[in-house]
Structures are given as structure tokens and as C-alpha cells.
Amino acid sequence: MVAEGWKEKRQQRLAAWRAGADEMEFASPEVKEKYLERMSIIIDALDGKKPARVPICPAIGFFPAFYGGITAEDAMYDYGKLGQAWGKFHADFAIDSHASPLIIGPGKLFELLGYQVYQWPGHGTPPDTPYQAVEGEYMKAEEYDLLINDPSDYFTRCYLPRAFSALAPWQALAPVTDLVELPFVGGGFIPFGIPPVQESLQKLLAAGQIAMEWIGTVGAIAGQIKATTGVVDTIGGFSKAPFDILSDTMRGTRPFMIDLYRRPDKVKAAMERLVPLAVSQGIRSAQAGGLPIVFIPLHKGADAFVSDDIYREFYWPTLKAVMLNLIEEGLIPYLFVEGAYNTRLEYLADPELPPFSSVYFFDKTDMTKVKEALGGVQCFAGNVPVSMMKAGTPADVREYVRDLIVNVGNDGGFILSTGGVVDHALPENLTAFVEAGLEFGQY
Amino acid sequence: MATLEDLKKAVAGIEEEESLKLTSELLAAGIAPLEIVGACREAMEVVGSRFEEGEYFLPELMMAGEILTGISDKIRDEVEEEADMGAKGELGTVVIGTVEGDIHDIGKDIVAFMLEVNGYKVVDLGVDVAPDDFVKAVQEHDAKVVGMSCLLTVAYDPMKATVEAFDKAGLRDKVKIMIGGAATDEQIREYTGADAWGKDATAAVSLAQKWIGGAA
């Protein structure tokens with residue numbers, strides 16, 4: 001259960017977020033007003049109320065690049081082009097949420113460090129496709145105890161050397177916890193003198209510089225977009241379900257699914273060990289982001305991946321623990337429920353999660369079922385299909401949005417979104433999405 | 001005394017240790033490796049139908065594959081014979097792949113598995129497959145069915161281009177093309193010009209049965 005006082009903490013965090021608007025330099029008082037209005041309707045929806053109108057918050061990926069006539073590779077490498085494309089996107093589509101250019105990431109940094117866990121445009125995938133994760137066994141089956149015993153040491157000396165080729169020499173490092181007594185501290189630094197380790201540290205310094213340039217430049221672009229259009233960030237921090245941490249980018253989906261049978265106790269122990277780390281990441285990143293909403297994309301627990309038994313025993317308990325801890329801190333878990341969750345809605349409606357403490361963005365889940373399960377319980381969002389945004393007509397989109405708002409969003413606590421992330425889509429369909437949201441979304 | 005029926009039950013029930021133990025016992029009792037392979041194939045059909053019925057999911061499919069590998073290793077080690085656990089593929093050939101620009105393969109792999117346990121030969125081209133490579137594979141293997149998968153919206157156009165490549169090669173009326181993957185639906189089927197959209201791996205098997213059955 002969540003300790004009392006979570007709601008007060010949440011109110012304080014939301015008030016601080018709102019107060020942050022006074023620190024921002026908007027292009028005009030009208031833009032600031034628009035920004036505050038948008039923030040109000042989003043907060044009202046999160047609180048389960050009927051806002052003045054339905055917030056319009058599509059999940060936007062690389063669409064602004066393609067719409068702006070640049071490639072996905074340009075967007076990751078040329079911040080000038082990135083800024084122009086994302087600026088144009090927000091000037092042309094009056095959505096309420098900020099499609100932040102920060103999620104695009106600095107290609108140069110990934111390249112310098114030889115990031116193995118993803119392929120990105122021009123580096124493994126074609127220049128005009130988004131970045132994509134590479135399924136791999138970055139953690140070996142026999143390494144669960146190492147992870148459980150000391151996750152940070154495991155990351156430093158096992159995981160990172162595999163995840164980044166430039167950090168491969170770190171396998172030669174000793175645990176930093178060795179450095180406790182003078183006679184042995186000198187020896188403890190020998191690994192840092194090994195030439196390949198020194199070379200990797202040089203790259204790390206350069207990577208740090210790239211990261212600073214990137215946040216300086218792209219952070220300013222993001223600030224400029226908000227200041228001129230009044231769009232509101234909806235992602236403050238980031239976290240993940242422990243099941244997905246292990247299966248997405250550590251063990252790989254297939255090996256992890258086998259672990260569920262061959263070493264279930266190790267899997268559970270590892271997931272439990274990851275809970276406080278996932279919570280800490282959520283809290284710290286939300287504080288850095290300045291708004292109390294923690295984005296948690298859900299992957300391998302969807303209907304098609306695992307049975308209800310496995311979901312109940314393995315997936316849900318540690319995700320719920322992460323959520324409860326975040327809620328207790330006054331943060332709002334924002335679950336991006338990818339795929340279909342038709343058989344899992346009872347979990348999301350768990351009575352131990354306080355009413356309107358979280359928000360769920362749905363993709364292929366039946367929204368009528370969503371309303372039955374979560375209406376009056378939690379805020380939810382969805383779900384214009386990305387297929388329709390590409391292959392449908394503006395009339396199709398308009399009708400879908402109308403039906404969604406009339407049948408599912410009519411009682412409030414609802415945000416209009418797309419099902420999945422929009423990369424390729426017809427601009428006229430996105431326009432229709434926004435117009436229909438405004439037309440039918442007035443309460 | 002262990003029987004082939006016991007082995008079939010253990011494999012179908014995803015009992016790894018029991019399956020391997022029974023294999024050793026059966027081999028020690030002089031049961032021919034070919035019979036063991038036969039029992040495993042039958043067990044995989046059961047796994048396939050339990051998947052279709054929503055009892056089994058990805059972990060069970062993965063484990064069933066692991067158990068089969070373990071059994072064939074045992075046969076090799078204990079009686080020094082190679083056991084071909086591969087599907088018989090007698091019903092016809094399906095060429096399958098994730099389309100150009102997309103490197104997601106989990107959905108595609110499930111479909112390949114399900115087609116194999118249902119008696120089809122699957123030519124799996126992997127991920128990021130160019131349109132012409134689909135065409136070449138169909139020509140080379142004389143396949144009647146093509147399955148294309150994708151997860152991303154950027155893969156819709158390559159999917160459409162692949163269908164067009166079959167047109168250009170003069171093969172469009174010789175193959176049936178199905179599409180699937182989380183980002184696809186009937187609207188994308190229409191957009192790409194494919195013959196059918198499958199909601200899941202079970203639908204892919206039904207389509208193959210309909211098409212290859214009809215053509216045979």
C-alpha cells in the first residue's frame with residue numbers, strides 16, 4: 001500500500017511544475033496563457049476530472065523529421081536540422097504535448113562509444129528509419145548472481161563492456177569497492193593504467209563533451225519550442241518494469257523467456273534487486289526533468305507474449321512495486337502500454353494503486369474494455385491506430401477520434417493519443433486528428 | 001518402463017528434465033532414434049495447438065525448441081546418430097522475413113515456428129529483407145506463400161514495394177502474400193496490396209492451410 005501523504009506530495013510537485021512557468025521566457029503573454037491552459041487540462045485529466053477539453057497528446061517519434069524533409073540520420077547528427085524540423089512540426093500541428101527533440105538522441109555519442117544495443121539510422125539501419133533495439137544476450141545466463149550481488153559493479157565490468165564496444169576494456173577493471181586501505185589502493189589503480197582502458201577513458205571524456213553540447217543545443221531548441229508554441233512536456237522522468245529491463249536490453253527476449261523456466265528464482269531475485277534502482281531512476285530523472293510524470297514503456301508483458309500465470313507471477317509484482325514507490329514520492333507513473341492488454345486490465349485497475357495515481361496510454365487494447373475496467377479508477381489515453389495515420393483518410397481519423405471521445409472519453413480522465421509512436425504518417429491525417437480532438441473534445 | 005507416449009507428454013508439457021531423462025531411458029532400451037524424433041514431432045504439434053488455444057505463449061515455444069535441441073544432442077552423444085529434428089515440410093514452402101528497414105524478429109520467428117510445426121517448410125530470410133530478396137527466394141524455393149512482418153510504421157512502404165516487386169517479376173499471381181506484425185492491420189493490407197493480413201501466428205497458419213491446401 002502507498003503511505004499516506006502521497007497526494008500532498010503529488011500536489012506539491014504539480015504546483016512546482018506549474019510555478020516553473022514563471023521561470024520560462026515565453027514569446028508573448030498569450031503563449032504563456034496557452035501553456036498554462038494546456039497544463040491545466042492535462043492535470044485535470046490526470047486527476048480524473050473533466051477538463052475544459054480533451055488534451056491532445058499523440059506519441060510522436062521521427063515524424064517531424066520526415067515531415068520537415070530531413071532524414072532520421074540528419075535528426076540524430078545535425079542539431080540545426082533537428083531544430084528546424086521539430087520547430088516546423090510544432091508550428092504546423094497544434095497538439096498540446098511537446099514532441100521533445102531530446103528523445104532523438106546524439107548519434108555522434110553512440111557512434112564514438114560503439115553502442116551495440118541499438119542500431120540507428122545510417123549505422124545499421126537505413127538513414128530514413130528510426131533507431132531500433134538489437135536483441136542480444138548482453139547478460140549471460142550464468143551471470144544472475146553477479147547482477148543480484150552488486151548491480152553497479154555488474155554494469156561497470158560486465159554489461160557496459162558488451163553494450164559499448166569502446167568500454168570493452170572495462171572488463172579488466174577491479175571492483176571499486178576494493179579501494180579501502182592505503183597499502184592496496186596503489187595496486188587498485190593499476191587497471192586504469194592499462195593502455196586500452198586509458199583509451200576507453202579518453203573516449204568517455206569525449207562522450208561527456210558530446211553529451212554537454214547536445215543538451216546545451218537541443219535543450220535550448222526544446223525550450224524555444226515551448227516558449228514559442230506553448231506546448232507542455234508530458235514526460236519528466238523515465239523508468240522501466242524490471243521484467244522489461246532484463247528481457248529488452250540485458251538477457252534478450254528469447255533467452256529471458258527460457259530463464260523463466262530454467263532459473264525462475266534467479267529471475268525473481270534479479271527483478272526484486274532492480275526495483276529500488278528503477279524507482280531511483282524514476283525519481284532522479286523526474287526531478288531533473290522538472291515535472292512529476294515518469295514514463296514507463298511496457299513491452300514483454302503484453303497479451304501475446306506471456307500467459308496470465310507468468311504475468312501474475314513474474315511481470316506484475318515488481319512493476320507494481322516500482323509504481324507504488326513512485327506514487328508514494330508524489331510522482332505519476334505514465335505507462336505506455338504497447339501492444340494489446342485486453343487480458344491484463346484487472347492488473348492495471350489494482351485497488352492498491354490509489355485512484356488516479358497513474359496514467360495508461362493504450363495501443364491496441366480495446367478501449368471499450370479499458371473504460372469498463374478503468375473508468376473512474378485511473379486516467380487513460382489512446383489510441384488512434386498508427387496504421388490509420390498512414391494508410392487511412394482524414395475522414396477515417398475524424399470518425400475514429402469522434403467515436404473514441406464520445407464513447408470512451410465522455411466522463412473525463414481521458415487524453416487523446418495515437419496507439420503507437422508516429423514515424424511515417426500522412427500530415428493531413430495528423431491535422432484531422434488535432435481538428436477532431438478540438439471539435440469533439442469540448443466537455 | 002519409459003514409453004514414447006511418456007516422452008511426447010513430457011515434451012508437450014515443457015518438462016525439460018523429464019524429457020531428457022526419458023530420452024536416455026528410451027535410447028538405453030534400444031528404441032530407434034527415428035521413433036524418438038517422431039514422438040518429438042507429435043509433441044511439437046501439441047505445443048502448436050496449445051499456442052493456438054492461448055494456453056502456451058512465447059516462453060513455452062522457446063522452451064519446446066530448447067528441449068528438442070537437448071534431445072537431439074543426447075541422441076548424438078549416446079547412440080552417435082544424427083537426429084534431424086527439422087520439420088518435414090511436406091505441405092509446401094513459405095518464404096518469410098521482416099521487411100526492409102525493420103530489424104524486429106520476434107513476431108516473425110513465432111510465425112515461422114508455428115508454420116513448421118504445422119508441416120510447412122519455412123525459408124526464413126531474417127530481418128531487413130530487401131524486396132528483391134523476397135522475390136529471389138520465392139523463385140529459388142518455388143514457394144507459393146510469402147509472409148512479411150514489420151513492427152514499425154516506416155516499414156509500410158517497403159512492404160508495399162515488396163508486393164510490387166513480385167508484380168514486376170511477373171510472379172504476383174503465382175504467390176499468395178500475407179502480412180503481419182504489431183503495426184499492421186486490414187488497412188495496411190489494403191495499402192500494401194498483399195492478399196491477407198494475419199492478426200497472429202495462428203492466423204498465418206490458417207492462411208497457409210487455405211492457400212496451399214487450395215493450390216495443391
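Proteins come first, then strands; the chains are lettered A, B, ... in the order of their sequence lines, and each starts at number 1. What you see is a predicted model, and the numbers here were worked out from it, not measured in a lab.
Among A:S307, A:P255, A:G124, A:P126, the residue with the largest count of heavy-atom pairs under 4.5 Å with chain B is A:S307. Comparing A:V306, A:D128, A:T129 by how many heavy-atom pairs each has under 4.5 Å with chain B, the most go to A:V306. The most heavy-atom pairs under 4.5 Å with chain A, out of B:E60, B:E190, B:E55, come from B:E60. The greatest number of non-hydrogen atom pairs below 4.5 Å with chain B, out of A:M388, A:R262, A:Q119, A:K300, is found for A:R262. The candidate with the highest count of non-hydrogen atom pairs below 4.5 Å against chain A, out of B:D157, B:T184, B:D200, is B:D157. For the set A:L260, A:V386, A:T125, the count of heavy-atom pairs under 4.5 angstrom toward chain B peaks at A:V386. Each of B:P59, B:A155, B:G54 has some count of heavy-atom pairs under 4.5 Å with chain A, and the biggest count is that of B:P59. Of the listed residues (B:I106, B:V127, B:V154, B:D102), the greatest number of heavy-atom pairs within a distance under 4.5 Å of chain A belongs to B:V154. Most heavy-atom pairs under 4.5 Å with chain B: of the set A:S387, A:A304, A:P130, A:A425, this distinction falls to A:S387.
Taking the charged nitrogens against the carboxylate oxygens, B:E53 and B:R50 have no contact shorter than 4.0 Å, which rules out a salt bridge. Under 4.0 Å is where a charged nitrogen must lie from a carboxylate oxygen, and between B:D73 and B:R76 at least one such pair does.
Environment of CD in B:E78: crowded, with over 12 heavy atoms of neighbouring residues, nucleotides or ligands closer than 6.0 Å. The local environment of NZ in A:K268 is crowded, with over 12 non-hydrogen atoms from other residues, nucleotides or ligands closer than 6.0 Å.
When heavy atoms are compared at a cutoff of 4.5 Å, B:I14 approaches chain A by way of both its backbone and its side chain. In this structure, the portion of A:E135 lying under 4.5 Å from any heavy atom of chain B is its side chain and not its backbone. Only the side chain of B:E16 comes within contact range of chain A, judged by heavy atoms closer than 4.5 Å. Interface remark: A:F66 contributes side-chain atoms only to the contact with chain B (heavy atom separation under 4.5 Å). Only the side chain of A:D396 comes within less than 4.5 Å of a heavy atom in chain B; its backbone stays farther off. Of the atoms belonging to B:D109, it is side-chain heavy atoms, and not backbone ones, that fall under 4.5 Å from chain A. In this structure, no portion of B:E100 lies under 4.5 Å from any heavy atom of chain A. When heavy atoms are compared at a cutoff of 4.5 Å, A:A133 approaches chain B solely by way of its backbone atoms N, CA, C and O. Heavy atoms of B:L152 lying under 4.5 Å from chain A belong exclusively to its side chain.
Under the 30°/60° scheme for interplanar angles, the aromatic rings of A:F336 and A:F361 are found to be tilted. Ring-plane geometry between A:H123 and A:Y77 is classed as parallel, the angle between the planes falling under 30 degrees on a 0 to 90 degree scale with a further cut at 60. Ring geometry for A:F93 versus A:F89: interplanar angle of 30 to 60°, hence tilted.
Under the 6.0 Å cut-off for aromatic ring centres, A:F256 and A:F243 qualify, their centroids lying closer than that. Separation of the A:Y347 and A:Y311 ring centroids falls under the 6.0 Å cut-off.
Looking at heavy atoms from C-beta onward, A:F62 lies out of side-chain contact with A:V421 at the 4.5 angstrom threshold.
In this structure, CG on A:L345 lies 5.5 Å from CZ on A:F362, to the nearest 0.5 angstrom.
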